[in-house]
Number of protein chains: 2
Amino acid sequence: MVTRKRFDDSECPVARSVDAIGDWWSLLIVRDAFDGSRRFGEFQRSLGVAKNILTARLRTLVAGGVLESVPASDGSAYREYVLTPKGKSLFPVIVALRQWGEQNFFAPGEEHSQLVDRRRGHRLRPLEVLSSDGRRMNPDDTTVHKISTR
Amino acid sequence: MVTRKRFDDSECPVARSVDAIGDWWSLLIVRDAFDGSRRFGEFQRSLGVAKNILTARLRTLVAGGVLESVPASDGSAYREYVLTPKGKSLFPVIVALRQWGEQNFFAPGEEHSQLVDRRRGHRLRPLEVLSSDGRRMNPDDTTVHKISTR
DNA sequence: CACGATGGTTGCAACATGCTACCAAAATAG
DNA sequence: CTATTTTGGTAGCATGTTGCAACCATCGTG
């Protein structure tokens, strides 16, 4: 169980997100789910994580509505873990992490896995933070309003 | 010290990113840095984290090139922690986490902090994953190429 | 029905985290 | 200049989390 820390009461969406997926394994499980892993054993082999930890993480991800447990697609009696819509909406998070890693942890020319447009095989455009009227936003161009009623 | 796990050898950029910032506190420290926190005490009060843990996290973030320690901007003898260019390039990651949190962890109308365009005070446009030719990409529209020479 | 594969659970050792107390240097008040 | 407070840490210890290995029940297959 990932114990909920001190931010139960937090009004910061980042803190709530981190609370839901912000540990080492959860994010990688979600990444594997995007890459097509569905079965317990697939995640376990792909990640090399201890089985009890994987059990716990899958449970919290299901409890958090990121994954759901469904009957196996091949008709067997086993179950599979698939992304919910909420889980799929993590796509920009995973892409952002991937692009940051590509830019910062690989020497030029060093090999690494790569996320591409399935139809054309091209790399994706780097994510851009845009204002509501489409201007590119750097960190300094933004500020946090502490409270809003939306 | 955040012990490096089993992915030293990984070719996946997501894993390397998670290894650098993928624990509960590091991401929140980076978020606070984007929001203007610079001093040890600022981070500590804002996050409520134990001081020894904060010390360790700041050290690993500095060692990882995400933050750097500079002389205090007010001329005092203390030091401050500021984002490096590598750290600033985490902006889309933080924004993605924030938007995911906003969409999924708050009831409609519930109050929460909000990141806005400083000039106009408007909310930011939701991040979009785009192909190199500008088509919007859903998870199913993409695939992972295991290796590339870039 | 026997046997391997799958998907776990359990117990324990090692490690990371959080809390409290402590401390030295820097700033500040008098 | 001295006393006190603030800042930015360390140190020690209790607790929580993780990783590993062993075990086990169910499923699928021959």
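In this text, all values refer to a predicted model and were calculated from it rather than measured experimentally.
Between the side chains of A:Ser69 and A:Arg79, at least one donor-acceptor pair of N or O atoms lies under 3.5 Å.
In this structure, the CD1 atom of A:Ile53 is 12 Å from the C1' atom of C:dA14, given to the nearest Å. The nearest whole Å value for the distance from the CG atom in B:Leu54 to the C1' atom in C:dG18 is 13 Å. Regarding B:Leu58, its CG atom lies at a distance of 11 Å from the C1' atom of D:dG9, rounded to whole Å. In this structure, the CD1 atom of A:Ile29 is 14 Å from the C1' atom of C:dG7, given to the nearest Å. Spacing between atom CZ of B:Arg79 and atom P of C:dA27 amounts to 13 Å, rounded to whole angstrom units. When the P atom of C:dT17 is taken as reference, atom CG of A:Asp23 falls 12 Å away, rounded to whole Å.
A close approach under 4.0 Å does occur between a side-chain nitrogen or oxygen of A:Arg59 and OP1 or OP2 of C:dT9. For the pair A:Arg57 and D:dT18, the criterion of a side-chain N or O lying under 4.0 Å from OP1 or OP2 is met. In terms of phosphate contacts, A:Trp25 brings no side-chain nitrogen or oxygen within less than 4.0 Å of OP1 or OP2 of D:dT18.
Taking each heavy atom of B:Leu127 and B:Pro92 in turn, the nearest pair found is CD1-O, 3.6 Å. Taking each heavy atom of B:Arg31 and A:Cys12 in turn, the nearest pair found is NH1-SG, 2.9 Å. The heavy-atom pair separating B:Phe40 from B:Lys51 by the smallest distance is CZ-O, 3.8 Å. Shortest non-hydrogen contact noted between B:Gln99 and B:Pro126 is OE1-CA, 3.4 Å.
Ring planes of A:Trp100 and A:Phe105: perpendicular class, angle over 60° (limits at 30 and 60°). Using cut-offs of 30° and 60° on the angle between ring planes, the pair B:Phe43 and B:Tyr81 is perpendicular.
Each of A:Leu130 and A:Val93 belongs to its own hydrophobic cluster when Ile, Leu, Val, Met, Phe, Trp and Tyr are linked at side-chain heavy-atom distances under 4.5 angstrom. If you chain together hydrophobic residues whose side chains sit under 4.5 Å apart, B:Leu47 and A:Val144 fall into the same group. Connection of B:Val82 to B:Leu90 is not established within any shared hydrophobic cluster, with ILVMFWY side chains joined at heavy-atom distances below 4.5 Å, either directly or through further cluster members.
Between the side chain of A:Ser17 and the main chain of B:Gly101, a donor-acceptor pair closer than 3.5 Å is present.
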Sub-3.5 Å pairs of nitrogen or oxygen atoms, protein against nucleotides 22-24 of chain C:
none

Interface polar pairs with nucleotides 26-30 of chain D, N/O, under 3.5 angstrom:
residue: D:dC27; atom: O4'; partner: A:Tyr78; partner atom: OH; Å: 3.4
residue: D:dG28; atom: OP1; partner: A:Ala77; partner atom: N; Å: 2.6

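Within a heavy-atom distance below 4.0 Å of DNA chain D, no residue of residues 38-45 of chain A is found.
Distances from the side chain of A:Asn52 to the nucleotides D:dG19, D:dG9, C:dC19 place D:dG19 closest.
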